[in-house]
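Below, each value reflects all heavy atoms present in this structure, side chains not excepted, and no hydrogens, waters or symmetry copies. Please read all numbers here as calculations on a predicted model, not as lab measurements.
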Amino acid sequence: MIRKSLLCVFLTCNILSSFGQDSQKMKVWQDSLVKLGAKMFRSSAEPERLDNNFKFVKTLVSALKEPNSYYFSFEQLNMIAILSSPDNNFKIFTWNVPLEDGSYLYYGTIQHKTANGQISLTPLFDKTFEINAVDSAVLSNTEWYGAQYYDIVPLGKNKYVLLGWKGHHAEYTKKVIEILTLKAGNQVELGAPVFLENPKIARRIFSYTRQATMYLKYNRTLNRIEFDNLVAADPSLKGNFKYYGPDLSYDAYEITKEGKLKLLTDIEVKNFEGGDESQYIDPQKPNKKRRSGLQ
């Protein structure tokens, strides 16, 4: 009995020592990433930003492959968005690099927690301008409609709603309701026909002027995704998104028991908060109430 107790104490000490060593190693990785991230966004020249982003990607991948890295918070890495799934099965890292023409490049990866303790990564490759019929397309991780995600909502078994901001154009911007499905072997599928008002839609994309903000948030109390109704400033400008903005009315997607999104129109929104566009455009000014970037 004494031997078993001593063995338990020995194993516990070894585990704690291992986690402590891993944590110290991860802090070193984090320091490197913070320095690269600062250069990535503060460099005035686009080639320098892209070069530092390339170094950032390589460093982040190396850090996320470390043992026990899944449990490290990266709380100092506030220039990117880090979200944990509600069931704590994966984390998703996303960020953007602004370009001189007013558009953005998006980068991301999904870190999976596996049963044997090994870490698995699924990179996300932004192919925004190569995707046909983007509203209805069901995509893989290699043809991602890039966005910087700020919330994740459970939708069903291995299925989630991602809410994201998508700087897109010098004159207008976007927000996205994306559907993420995890398949066997940590395969990823983006987009799904869960929108009851139109079964052909695989994701919702909202486009509006860069001068406006858009409210798109999950109401946990009512289990629904609430958002501004966007309209053109004049009927003659329909389809010209640089003239779109909120009309002070609100709609929502109610999450059904079957894992579908049911459209509700002209709803009442309580405890309204703004769209907070500034925090997505300037990653150096995160919301201090949130742990990491947009989170």
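Defined by atom type and a distance below 3.5 Å, a donor-acceptor pair is present between the side-chain atoms of Y160 and D87. Using modelled atom types, one finds no donor on one side chain facing an acceptor on the other under 3.5 Å when comparing N96 with W165. Looking only at atom types and distance, the side chain of Y218 has a donor-acceptor partner in the side chain of N223 under 3.5 Å away. Side-chain contact, S69 with Q111: a donor N or O sits under 3.5 Å from an acceptor N or O. For the residue pair S103 / H168, no side-chain donor-acceptor distance below 3.5 Å is found, with atom types taken as modelled. For the residue pair S84 and K91, no side-chain donor N or O sits within less than 3.5 Å of a side-chain acceptor on the partner.
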Trace of the side-chain contact (heavy atoms from CB on, under 4.5 Å) decision for L50 with L105: CA-CA 9 Å; L50 293 173; L105 293 177; 3.8 Å; yes
Criterion side chain to side chain donor-acceptor pair (under 3.5 Å) on Y215 and K175, from CA distance to verdict: CA-CA 9 Å; Y215 175 80; K175 282 191 175 178; over 6 Å; no
side-chain contact (heavy atoms from CB on, under 4.5 Å) evaluation trace for T173 with Y208: CA-CA 6 Å; T173 191; Y208 55 99; 3.3 Å; yes
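For the side chain to side chain donor-acceptor pair (under 3.5 Å) with N219, the qualifying choice from R224, E226, K270, E254 is E226, the only one to do so.
Considering only heavy atoms from C-beta on, F93 stays 4.5 Å or farther from L83 through its side chain. Between T59 and L36, the closest side-chain pair of non-hydrogen atoms falls below 4.5 Å. Considering only heavy atoms from C-beta on, L261 comes within 4.5 Å of I179 through its side chain. Between M26 and E66 the shortest side-chain heavy-atom distance falls below 4.5 Å. Residues L163 and Y149 are not in side-chain contact: their nearest non-hydrogen atoms beyond the backbone lie 4.5 Å or more apart. The shortest distance between side-chain heavy atoms of K238 and P235 does not fall below 4.5 Å. Counting only heavy atoms from C-beta outward, the side chains of V161 and V194 never approach each other to under 4.5 Å. Between T142 and K127, the closest side-chain pair of non-hydrogen atoms is not below 4.5 Å.
Residues in residues 192-206 take part in these side chain to side chain donor-acceptor pair (under 3.5 Å) pairs, two or more places apart or across chains: E178-R203, E197-Y253, R204-Y253.
Using a 4.0 Å cut-off between a side-chain N of Lys or Arg and a carboxylate O of Asp or Glu, E171 and R210 do not qualify as a salt bridge. Looking at D51 and K55, a side-chain N of the basic residue comes within less than 4.0 Å of a carboxylate O on the acidic one, giving a salt bridge.
The distance from the NZ atom of K260 to the CD1 atom of I255 is 13.0 Å, given to the nearest 0.5 Å. Atom OG of S140 sits about 7.5 Å away from atom CG of L190, to the nearest 0.5 Å. K166 NZ to Q148 CD: the interatomic distance, rounded to the nearest 0.5 Å, is 11.0 Å. Here the NZ-CG distance, from K27 to D31, works out to 9.5 Å after rounding to the nearest 0.5 Å. A distance of 8.0 Å separates CG in N89 from CG in L182, rounded to the nearest 0.5 Å.
Checked against the 6.0 Å centroid criterion, the rings of W29 and F74 do not qualify as a close aromatic pair. You'll find the ring centres of F72 and Y70 outside the 6.0 Å limit. Ring centroid separation for the pair Y172 and F241 comes in under the 6.0 Å cut-off.
Judged by distance alone, the side chain of Q30 and the main-chain N or O of Q76 form a donor-acceptor pair under 3.5 Å.
Under the side chain to side chain contact (heavy atoms under 4.5 Å, CB included) criterion, D247 pairs with N229, V231, S249, sequence neighbours left out.
Heavy-atom minimum distance, P123 versus N141: O-ND2, 2.8 Å. Looking at every heavy atom in both residues, T209 comes nearest to K242 through CB-O, 3.1 Å. The minimum heavy-atom distance between I225 and I177, with the atom names listed, is CG2-CD1, 4.2 Å. Minimum interatomic distance between K159 and A192 (heavy atoms only, all atoms of both residues): NZ-CB, 4.1 Å. Contact between I267 and L264 at its shortest, heavy atoms only, is CG2-CB, 3.8 Å. Closest approach of L216 to V176, counting heavy atoms only: CD2-O, 4.0 Å.
Taking the six-membered ring for Trp and thresholds of 30 and 60 degrees, F206 and F227 have ring planes inclined between 30 and 60 degrees apart.
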